[in-house]
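We count residues from 1, following the sequence as given.
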Amino acid sequence: ENGSAAAIPIDPRFDIAYVTPVTIGTPPQTLYLDFDTGSSDLWVFSSHTPESQVRGQRIYSPEKSSTAKLLAGHTWSILYGDGSGSLGNVYTDNFTVGGVTVTSQAVQTAQQVSYSFTSQSEIHGLVGLGFSTLNTVFPNGQLTFFDNAKSTLDSPVFTADLKWKKEGTYDFGFIDETKYTGEITYLPVQTDPGYWTFTSSGYAVGDGAFHPASIVGIADTGTSLTYLPAEVVTSYWGQVDGAVDSDYYGGYVFPCSSKLPSFTFGVGPANITIPASYINYAQITEGSPVCFGGLQSSSWLGVNIWGDVALKAAFVVFNGANPPTIGWAKK
Ligand SMILES: CSC[C@H](NC(=O)[C@H](Cc1ccccc1)OC(=O)N1CCC(N)CC1)C(=O)N[C@@H](CC1CCCCC1)[C@@H](O)Cn1ccccc1=O
């Protein structure tokens, strides 16, 4: 059956990440996890995480769940693009999101987490919604929550309706027509190596001319910003007074008082426009006159990433049919 769950920004000042309530085990233990279409491990802070590495996060205690089963001899270890990471062992247990239950979901319990996770008390773990081929559990890779839930959903889809500085939703199994306007444009997805990879048909800066281009990138709910080819972001920031690509700050920064253009990207014959306000990501530090851009260069990454700055401008359908496709609609 279908389900719907909140996507809650973890910081009211700027959208660094969104968390969603889930319950694990019997009796149910509630944690708030970061749903990440850019990875495929479901891992949680747990009773196996050293106390020195836990700072306010809720934890999952398998020993308190009558339905938890250790997946003997299995371990996992993951490293993310921002250098954060975690590792540990694996249980299976009941896992519920917005009313959708998987009875023996692989839940990866952390025995180590990097400092950036320890310091982020609002994120109690991740739910990977990439393709299961990316799962890091060894020796047998595990299925994602979505892959396990698919057969019980009316339709093998989930949708992301992320919002700017507001609570949005993830829906599972159905497409809510009230959440978007016009038509959904579906694009083919390249599932190798396992991200939701699609090709954008080009871009425009503000109300300037549309530049046709093939921009291969991934739709990634777990990434805060949007990272695009250097020539694209150079032409964008070239329109902003005082914008510079700063080694010191690690990306494009600009005077907070400067006016920003919107950014439009092509999805097939259609397009999505990211409002300027979404690209004024945040002040470098509280009260600073220097602001950090929400559009950054992907040249250091080796992959273009349509992160939350882009995704929250659209209603996005992750269609897990065979073959998978990704749908984009205005809202
Ligand atoms: C461009 S890959 C950088 C990206 N991590 C970010 O976007 C973090 C997110 C964050 C959230 C909460 C607190 C701190 C940081 O935020 C920044 O890095 N920020 C935001 C704040 C800005 N001032 C600086 C830049 C990233 O590794 N995502 C992965 C999932 C993340 C990991 C960290 C925890 C939250 C979920 C993942 O999907 C990225 N992936 C995508 C494809 C392949 C491998 C891979 O690993």
Query - Non-hydrogen side-chain atoms of T49 and I59 separated by less than 4.5 Å - result: no

Query raised in the report: In Å, rounded to the nearest 0.5 Å, how long is the span from OG1 of T226 to CG of L311?
Result: 6.5 Å

Requested in this report: Could I get the full list of salt bridge (Lys or Arg N to Asp or Glu O under 4.0 Å) partners for D93, not counting sequence neighbours?
Outcome: none

Report task. Determine the interplanar angle of the Y227 and W300 rings, folded into 0 to 90°, and report it as parallel if under 30°, tilted if 30 to 60°, perpendicular if over 60°. Result -> perpendicular

Query raised in the report: Between D15 and K165, is there a side-chain N and carboxylate O pair less than 4.0 Å apart?
Result: no

Report task. Under the side chain to side chain donor-acceptor pair (under 3.5 Å) rule, what do D241 and S258 come out as? Steps first, then yes or no, please. Result -> CA-CA 6 Å; D241 291 343; S258 288; 5.3 Å; no

Query raised in the report: Can you tell if the side chain of D245 reaches within under 4.5 Å of the side chain of W237, non-hydrogen atoms only?
Result: no

Query raised in the report: Heavy-atom distance under 4.5 Å between the side chains of S39 and L134, does that happen here?
Result: no

Query raised in the report: In terms of hydrophobic clusters joined by side-chain contacts under 4.5 Å, are Y180 and F198 together?
Result: no

Query raised in the report: Is NZ or CZ of K312 both nearer than 6.0 Å to the six-membered ring centre of Y278 and within 45° of the ring axis?
Result: yes

Query raised in the report: In terms of the angle between their ring planes, are F318 and W196 parallel, tilted or perpendicular, with boundaries placed at 30° and 60°?
Result: perpendicular

Report task. Check side chain to side chain contact (heavy atoms under 4.5 Å, CB included) between S84 and all other residues, then give those that pass, not counting sequence neighbours. Result -> Y80, D82, S114, S116, F117

Query raised in the report: By ring-ring contact (aromatic ring centres under 6.0 Å, His included), which residues pair with F14, not counting sequence neighbours?
Result: Y281

